[in-house]
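What follows is one structure encoded as C-alpha cells, with my remarks underneath.
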Amino acid sequence: MTFFSSVFGASSPGQVKASQAGTRVEAFPRLSSRQAPPAPANATEYTHIILGAGTSGSVLASRLSENPDNKILVLNYGPRVDDVLSRLPLFSIVRSYDPKYAFIRYTTPQNGLGGRSVRMLSGKVVGGSSAINASIYTLGPHAELNAWAEKLQAPSWSASALESVLRLPKHRIGWSSNKTATAPPAPDSNGAKAAKGLQSSSTEPVGPWETYHPRQHKFEQTALILKELDSMGIKTVVDSHSPAASSSKGPIGTASFTLQASHASDGTKCHAGNAFLTDAVLSRPNLTLCTNVNVLRLQLGEGSSGNLSAKGVWFEELQSAKPSADSNAAYYAASNSVILCQGVYDTPMLLHHSGIGPTHLLKSLDIPVRLSLPQVGANLQDHVAVPLHFLVPREKSGLKMVEGASALLYGIRNAWDYFRHGKGLFTSTGFMESAAWFNTQDVGHDESGDIIVKCADPYRVADIELMFSTYYIDDSFPRYAGLEDGLGVIGVLVVLAQPNAAGSVRPASADPRDVPLIDPAYLSDPDDLKRLALATKVALQVVRRLKQTGFEVSPASIPGRDGMTGRWCFDGPTDFNAFPHPEEIPQPVYESWIRANARPIYHGTSTMALRSPNDTPIDAQELTLKGVDGLRVCDASIFPNVPSTHPQSWIFALAERLARRMSE
Ligand SMILES: Cc1cc2nc3c(=O)[nH]c(=O)nc-3n(C[C@H](O)[C@H](O)[C@H](O)COP(=O)(O)OP(=O)(O)OC[C@H]3O[C@@H](n4cnc5c(N)ncnc54)[C@H](O)[C@@H]3O)c2cc1C
C-alpha cells in the first residue's frame, strides 16, 4: 500500500465479493419489493446471516464466530477501511461527510425547524456509525435502563442484568502529554470512590473495545467551565465511567465531566470494525465478511404456528458508492437465522421492502403485505441540538491549530505527540472536552436572579446535555465579526437529550435503492422547544459566569445576535462585547433562533421500538421479530426511546448480550 492510499482511503483486506458469498441470479426485478423470483435451490447456506457490519453487527459477527460450528455471513454496504485518517479519533468524523464512508441523506422538511431539511448521517463502512463518529464514549444512567426494564417488564434490560457486558470495554485513565494545560477539579466523593473501584477492577476478561478518560485538559477553560457548572449545581464527577463500578445506582443523571474517548493505548480510534473484526477474527474459516453490497430484501417462507420464517437474503453488488442501476443481477444466501443490524433507518427499510410494516404504507407503494406491523419505521427519535458560539482570544480556541502562523507548529507538535506517544489533540473527541447533564425540571434561580440547577435527585435521568467545544460546532465555519481581529471561536452545543417528538422513516417507493424518507419531527412538540430554550439560557449563564471570573469571552452567535454582523436583533446591548443576562433575551427570540439554528447530532433510535409488553414488534429478551421465525433485530432501532446519553455504549452492550444469549 502506498503512503497516499494509506492516508487517504484504501480498503483493507478481509472482505469478499458478492459472488464469493452468495448464488448469482440473473434478471432480479428492479422493483424487487413488488415481486421477487423464487430462491435458487442450490444456494450457499449459513448458520447465521448478519445484515450490516456496523456497531452491533461487528460485535455479533465476532462473538458468534467464536464457535467453530457456526458458519457466519456478514453483509455490509461499505468497505472495510483501515487507513491513517480512520485511526485518528479527532479526524475520523471527517469521513462522515464523504459518501464513500457514510450515508448522507436529508430529512423531509421539518416544520419545527422552520421548514428546513437537515442532513442526516450514518456509517457505511465496516464498523458502521461507530467508525465515523465523534468517538465520545459515555455510559448512560442506570436509572434509565431500569425504567426501560420496568416498562417492558423485561428484567434482562435492567442495569444489573447488563452490568457484565457494560463493563466489558477496557477503561483507562491517563494524563495527556500536554504539560501546559490545567488539571480538572479535585475529585468529589463520588469520583474518588469510583476511581478506587476501577483500580480494583474485576478479573473478568475485558475488551476488545477500549475507552480512555483524559485527566488533563488541552484548553484551560475546560477546568474553569467545570468549576462554574459545579457552583451552579451541576456537580463534577471525575470519571463518569466509574460509578458503574462502585455504586449500584450507576452513573448519575445530573453531572459534568471531562468527556471520554474510545481509543486504544496507542491512540488508535476504537470502533466496532477495528475492535471486533480484526484481521485475526476475519481469518476464521467460519466467518465471511462481504462488503460493498446492498441488501435488497429478505426471503420469507412459511414458519411454525402460522408465523413467517426467514429463509435467506437477497443482495446486489455495488460497483461504487452508488447502487449499480444498470445491473439486474442479484445474489442470494440462505439461512434460517437472520440478524438485522442495519441501523435506525435501514433496518426498518429492509423490513418494509420485504413486506413487513404498516399495511396502509405498504399498499400505497404496491408492496405485497406479508406481515402487518404498524410499529416498523414509526417512532423515530433523535437528539436535536442548538449550537452557540463565542469569541475568545485565539490561543484559547482550536482555531489556533488550523489557521494562521501557529497552525503548522501545532500540527507538527500534535502529529509528534500522536505518532510517537499515541497522545495529544489527535486523540480527542472532536474538540469537545467536557459535557454536563441536567434535568430542566431542576432549573431555578438564586436570590440574585441568576440561573442555577437545584438538583433534588442526582440520579434522575437528564433531559439536557451541554457539550463544551473548543472550536466551531458549525461545519460551515462562519467568519463571525471579530475573527478578523485575531480572535478565535469556542462553542456550546445544547442538546435535547429526551425529546417528546417522534417521527418516522419510510420508503419513497418500491425500489429498495431509493433514499428513504426520514422525518424525525424535530421540535414538533411545543414542550421540546420550551425545554431547549431553557437549557440555552443555562448554557449562556455558564459562559457568562466564565466571563465574570475574568476569562475573556463574548457572544458571537447566540439567540438575538447575528454573529456575522455582531448586531443584536432585539432591544439589547449596543456594545459589541456585551454579554446580556440570559433572562434579558425575550422568549420569542430564543424560540425563533432555535428553530432557525437547531440541528441533529445523529443519535437516531427507536424505529423498531420496544415500547411496552403489548405494543412491541420485538421480543425484549430474544430480540426476535414477532411473527417471523429466525429473524432478530439488534441495533439502535430497538431502544424504547432515544437514550439520554451517547448511544454507542448501550448498542455494544445489547449486541454483546444477544451474542451471549444465542450462544447459551
Ligand atoms: C457523525 C456521527 C457522530 C456520532 N457521534 C457519536 C459519539 O461520539 N458517541 C456515541 O456514542 N454515538 C455517536 N453517534 C451515534 C452512534 O455512532 C450510533 O448510534 C451507533 O453507532 C449506531 O449503531 P448501529 O449498530 O445501530 O448502526 P450502524 O453502526 O450505523 O451500522 C449499520 C450498518 O449497516 C450497514 N447497512 C445499512 N444498510 C445496508 C444495506 N442496505 N445493505 C448492507 N448493509 C447496510 C451500514 O453499512 C452499517 O455498517 C454518532 C453518529 C454519527 C453518524
If only side-chain N and O atoms count, and only distance matters, is there a donor-acceptor pair under 3.5 Å linking [Y] with [X]?
X: Gln648; Y: His271; result: no
X: His171; Y: Thr211; result: yes
X: Asp450; Y: His581; result: yes
X: Lys269; Y: Asn133; result: yes

Holding to ring-ring contact (aromatic ring centres under 6.0 Å, His included), I want the full list of residues that pass it with [X], two or more places apart in sequence or in another chain.
X: Tyr418; result: none
X: Phe468; result: none
X: Tyr410; result: none

For the side chain of [X] and the backbone of [Y], is there at least one donor-acceptor N/O pair under 3.5 Å apart?
X: Ser397; Y: Leu399; value: yes
X: Gln381; Y: Asn641; value: no
X: Ser606; Y: Ser637; value: no

Salt bridge (Lys or Arg N to Asp or Glu O under 4.0 Å) contacts in which one or both residues fall within [range], not counting sequence neighbours:
range: residues 462-472; value: Asp463-Arg531
range: residues 546-564; value: none
range: residues 471-482; value: Arg119-Asp475, Glu403-Arg479
range: residues 636-657; value: Arg63-Glu656

**Message:** For the aromatic rings, using the six-membered ring if either is Trp, is the centroid distance between Tyr480 and His389 under 6.0 Å?
**Reply:** yes
**Request:** Kindly say whether the aromatic ring centers of Trp650 and Trp157 come within a distance under 6.0 Å.
**Result:** no
According to salt bridge (Lys or Arg N to Asp or Glu O under 4.0 Å), who are the partners of [X], at least two apart in sequence or on a separate chain?
X: Asp382; answer: none
X: Lys170; answer: none
X: Arg116; answer: none
X: Lys400; answer: none

**Request:** Fit a plane to each ring of Phe426 and Phe91, take the angle between them on a 0 to 90° scale, and name the class: parallel (under 30°), tilted (30 to 60°) or perpendicular (over 60°).
**Result:** perpendicular
**Complete:** Residues pairing under side chain to side chain donor-acceptor pair (under 3.5 Å) where one sits in residues 592-604, two or more places apart or in two chains, turn out to be His383-His603
**Item:** Leu654/Ile638 under side chain to side chain contact (heavy atoms under 4.5 Å, CB included): CA gap, chis, key distance, verdict
**Value:** CA-CA 10 Å; Leu654 286 181; Ile638 65 172; 3.9 Å; yes
